[in-house]
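Okay, so here's the structure we're looking at.
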Amino acid sequence: MIRPVIAEDLALLHTLMLGMAEYEKATEQVCTDKEELRDALFGPAPVAFAHFAVDDETGQVIGYTLWSLVYSSWRGTAIHIDDIHVKPEWAGRGYDTALMSELAGLAVERGYRHMQWWATDGNKPAIDFYDSLGAERPSVRGHDLIILRLTGKPLTDLGSKG
């Protein structure tokens, strides 16, 4: 079963997010706390949304997805998936597909033209899974797109010039 995350689920969602970071060996990159997560999901102007994958037999939450809306001047509104994670011991049971299917259903229902997400280049199981869904690797005029990010001091420095 897939269900939306509610405010009472924030501690569990945050724990799952930290579990994903641990799985990705990237815990030092997590700087979001529960209060920031609460504001992002349930504040006066929500900027993110989340769903849980729940085992039908035990009722245990075994995975999640965290996503937001983005707008492309070329393609219109889309879902950007920031996280999709199923606990490793539950992998291979279809929960990842169910989470993606839920978001794809929302996209179709709401008239969004696409979903997008990032994947770690070395995560072969994830890449194989996304390939099995028919995911494409976009390019512009024959050039592969790359992800760029401005953060920390460069972000602060640039922001102080305005």
Side-chain angles (χ1 to χ4, degrees), residues 1-27 29-56 60-88 90-123 125-138 145-151 155:
M1 170 179 69
I2 306 300
R3 70 166 178 84
V5 169
I6 59 174
E8 292 77 17
D9 295 325
L10 281 172
L12 178 56
L13 178 59
H14 194 257
T15 298
L16 288 168
M17 289 168 56
L18 295 174
M20 179 182 170
E22 185 175 317
Y23 177 79
E24 297 275 340
K25 296 177 178 45
T27 54
Q29 295 181 36
V30 177
C31 55
T32 308
D33 60 26
K34 286 181 241 177
E35 291 74 31
E36 186 176 354
L37 185 59
R38 177 182 306 280
D39 288 345
L41 293 169
F42 303 107
V47 296
F49 309 91
H51 284 81
F52 279 152
V54 181
D55 181 60
D56 288 330
Q60 181 181 355
V61 173
I62 50 85
Y64 77 99
T65 185
L66 182 73
W67 58 279
S68 60
L69 296 177
V70 295
Y71 185 81
S72 164
S73 61
W74 290 4
R75 299 186 56 89
T77 303
I79 289 175
H80 173 77
I81 304 167
D82 194 59
D83 290 348
I84 179 168
H85 181 68
V86 173
K87 293 178 182 178
W90 290 88
R93 300 185 195 184
Y95 293 104
D96 47 3
T97 302
L99 285 164
M100 293 293 279
S101 179
E102 179 73 17
L103 295 184
L106 287 173
V108 169
E109 174 186 308
R110 297 176 184 180
Y112 306 153
R113 291 197 176 92
H114 69 285
M115 297 189 329
Q116 65 183 37
W117 62 93
W118 305 342
T120 307
D121 195 28
N123 189 344
I127 299 293
D128 289 346
F129 168 64
Y130 299 139
D131 285 344
S132 77
L133 298 177
E136 60 186 45
R137 294 183 180 106
L145 297 177
I146 59 171
I147 297 166
L148 301 167
R149 177 182 292 153
L150 196 60
T151 187
L155 175 67

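The shown structure was predicted, so the numbers you read here are calculated from the model rather than taken from an experiment.
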Steps toward side-chain contact (heavy atoms from CB on, under 4.5 Å) verdict (Val86, Tyr64): CA-CA 7 Å; Val86 173; Tyr64 77 99; over 6 Å; no
What residues, two or more places apart in sequence or in another chain, satisfy side-chain contact (heavy atoms from CB on, under 4.5 Å) together with [X]?
{"X": "Ala7", "result": "Arg38, Phe42"}
{"X": "Glu22", "result": "Thr27"}
{"X": "Ala91", "result": "none"}
{"X": "Asp56", "result": "Met1"}

Please name all residues satisfying ring pair (Phe, Tyr, Trp, His ring centres under 6.0 Å) with [X], sequence neighbours left out, ordered by chain then number.
{"X": "His114", "answer": "none"}
{"X": "Phe49", "answer": "Trp67"}
{"X": "Tyr23", "answer": "His85"}
{"X": "Tyr130", "answer": "Trp117"}

Test log, rule side-chain contact (heavy atoms from CB on, under 4.5 Å), inputs Arg113 and Thr77: CA-CA 7 Å; Arg113 291 197 176 92; Thr77 303; over 6 Å; no
Atom pair [atom1]/[atom2] of [X] and [Y] - distance to nearest 0.5 Å:
{"X": "Met17", "Y": "Met20", "atom1": "CE", "atom2": "CE", "result": "9.0 Å"}
{"X": "Ile79", "Y": "Thr65", "atom1": "CD1", "atom2": "OG1", "result": "9.0 Å"}
{"X": "Leu41", "Y": "Ile6", "atom1": "CG", "atom2": "CD1", "result": "12.0 Å"}

If you look only at distance, which donor and acceptor atoms sit under 3.5 Å apart when one is on a side chain in residues 92-108 and the other is two or more places apart or in another chain?
from  : atom 1 : to    : atom 2 : distance (Å)
Arg93 : NH2    : Glu89 : O      : 3.4
Tyr95 : OH     : Asp55 : OD1    : 2.6

How close do [X] and [Y] get, counting heavy atoms only, and between which atoms?
{"X": "Leu66", "Y": "Ala50", "answer": "CD1-CB, 3.9 Å"}
{"X": "Ala48", "Y": "Ser68", "answer": "CA-CB, 4.4 Å"}
{"X": "Val61", "Y": "Lys87", "answer": "O-NZ, 3.4 Å"}

Verdict with reasoning, Thr15 to Leu18, per side-chain contact (heavy atoms from CB on, under 4.5 Å): CA-CA 5 Å; Thr15 298; Leu18 295 174; 5.7 Å; no
Residues which pass side-chain hydrogen bond (donor to acceptor under 3.5 Å, both in side chains) with Asp128, listed by chain and number, not counting sequence neighbours: Lys124
Set of salt bridge (charged side-chain N to carboxylate O under 4.0 Å, His left out) partners for Asp131, sequence neighbours left out: Arg137
Qualifying residues under salt bridge (charged side-chain N to carboxylate O under 4.0 Å, His left out), relative to Asp9, sequence neighbours excluded: Arg3
